[in-house]
Protein chains: 2
Amino acid sequence: MAVHIMTALAYLGEKTSSELLSHTVNTNPVVIRRLLGDLTRSGLITADRGKHGGFRLARDAADISLLDIYRAVMDEQPLVSLHDNPKNTRCAVSCRVRPVLSGYLSRAQQAFEQSLAEVRLTEITQAM
Amino acid sequence: MAVHIMTALAYLGEKTSSELLSHTVNTNPVVIRRLLGDLTRSGLITADRGKHGGFRLARDAADISLLDIYRAVMDEQPLVSLHDNPKNTRCAVSCRVRPVLSGYLSRAQQAFEQSLAEVRLTEITQAM
DNA sequence: TGAAAAAGTAACTATAAAAGTTACACAATG
DNA sequence: CATTGTGTAACTTTTATAGTTACTTTTTCA
């Protein structure tokens with residue numbers, strides 16, 4: 001949903017309330033405010049409190065990538081990871097797969113993120 | 001978990017029961033059998049039923065990639081996708097983000113999968 | 001200066017997905 | 001025909017996410 005919101009903010013280009021944003025996503029304002037909180041803490045948007053408050057992009061849409069948004073919202077959790085059952089110490093595989101696999105998985109995730117990094121918010125608003 | 005199992009099968013190199021496999025992952029045999037079912041249906045392993053039954057790789061570990069395993073288990077679901085709330089027909093963004101974004105997301109997913117495709121099961125067993 | 005309009009957040013409920021469990025049918029072996 | 005395995009249905013548990021209610025704090029402006 002974060003991308004939806006960021007796109008809306010870029011598209012509208014002006015200060016917008018969580019109430020209004022919640023309508024475009026068709027959900028509850030609080031859900032949106034929680035998301036907006038993440039985006040604010042990551043420095044992608046700024047929040048004005050009080051009457052006539054609202055949110056706007058903190059910098060130009062050309063300087064915001066899909067990766068920025070993805071990272072703001074996903075808190076460091078890997079895209080896909082191995083189960084986290086305790087290892088069976090009597091099994092060589094159980095003891096050693098983890099580090100080997102996580103190397104390959106994080107490489108794949110880097111490829112994914114690299115691809116997101118190449119897309120700017122402007123590209124999305126323009127394509128609409 | 002599927003990778004863990006496939007690695008174990010490649011590592012052991014012989015017919016193995018779900019019971020035994022469940023021990024290396026430290027979980028319930030039925031959970032494992034459900035996974036083994038996916039892997040069998042995808043043609044990555046073969047299942048022998050009856051007494052002295054068990055599972056083994058259907059082809060050489062050098063011919064099985066992480067992507068093969070990933071696809072066997074994830075049933076076509078995209079890695080990350082937009083929310084699926086109904087669109088607000090009065091909002092241009094709500095109406096049009098979806099197709100635009102899904103293009104970029106599937107491109108990123110392709111990068112991810114490409115990376116997985118480059119890793120063979122042999123590489124993993126050898127690294128252990 | 002106080003009512004109004006907004007963000008921020010805590011605490012709860014609802015929903016859905018995944019994992020785990022129990023129980024049993026079916027298959028092959030010897 | 002008993003034994004040892006797979007296959008699977010049905011249920012419970014767990015966890016994460018979304019949604020909800022209710023409230024505090026901040027700012028504006030009449």
Inset, instruction - Could you tell me whether the side chain of Tyr104(A) reaches within less than 4.5 Å of the side chain of Glu123(B), counting heavy atoms only? - result: yes
Rounded to the nearest angstrom, tell me the gap between atom [atom1] in [X] and atom [atom2] in [N].
X	N	atom1	atom2	answer
His83(A)	dT15(D)	NE2	C1'	18 Å
Lys15(A)	dT27(D)	NZ	P	11 Å
His4(A)	dA18(D)	NE2	P	14 Å
Phe55(A)	dT26(D)	CZ	P	15 Å

Inset, instruction - Start with the C-alpha distance between Arg120(A) and Ser65(A), add both sets of side-chain angles, then the distance that settles side-chain hydrogen bond (donor to acceptor under 3.5 Å, both in side chains), and finish with yes or no. - result: CA-CA 4 Å; Arg120(A) 301 295 158 140; Ser65(A) 71; 5.4 Å; no
Legend entry - From Ile32(B), Asn26(B), Val30(B), residue fulfilling side-chain contact (heavy atoms from CB on, under 4.5 Å) relative to Asn28(B): Val30(B)
Inset, instruction - Salt-bridge test for Glu113(B) and Arg71(B): reply yes if a basic N is under 4.0 Å from a carboxylate O, no otherwise. - result: yes
Inset, instruction - State plainly whether the residues Asp68(A) and Arg59(A) are in salt-bridge range, i.e. N to O under 4.0 Å. - result: yes
Inset, instruction - Could you tell me whether Asp84(A) contacts a base, only the sugar-phosphate backbone, or nothing, with contacts defined as non-hydrogen atoms closer than 4.0 Å? - result: nothing
Legend entry - Steps toward side-chain hydrogen bond (donor to acceptor under 3.5 Å, both in side chains) verdict (Arg107(B), Ser115(A)): CA-CA 7 Å; Arg107(B) 203 176 303 175; Ser115(A) 178; over 6 Å; no
Legend entry - Nucleotide interval of DNA chain C bounded by contacts with chain B (heavy-atom cut-off, under 4.0 Å): dG20(C) to dG30(C)
Legend entry - Stretch residues 17-42 of chain B: residues that reach within less than 4.0 Å of DNA chain D through a heavy atom: Ser17(B), Ser18(B), Val30(B), Arg33(B), Arg34(B), Arg41(B)
If only atom types and distance count, is the side chain of [X] paired as donor or acceptor with the main-chain N or O of [Y] below 3.5 Å?
X	Y	value
Ser81(A)	Leu79(A)	no
Ser94(B)	Thr24(A)	yes
Arg56(B)	Glu14(B)	no

Inset, instruction - Identify whether Met6(B) and Leu82(A) are in the same connected component of the hydrophobic contact network (ILVMFWY, side-chain heavy atoms under 4.5 Å). - result: yes
Produce the list of close N/O pairs, under 3.5 Å, pairing protein atoms with atoms of nucleotides 28-30 of chain D; give distances to one decimal.
from: dC29(D); atom 1: OP1; to: His52(A); atom 2: ND1; distance (Å): 3.3

Inset, instruction - Scan side-chain atoms only and decide if Gln110(B) and Gln114(B) contain a donor-acceptor pair under the 3.5 Å cut-off. - result: no
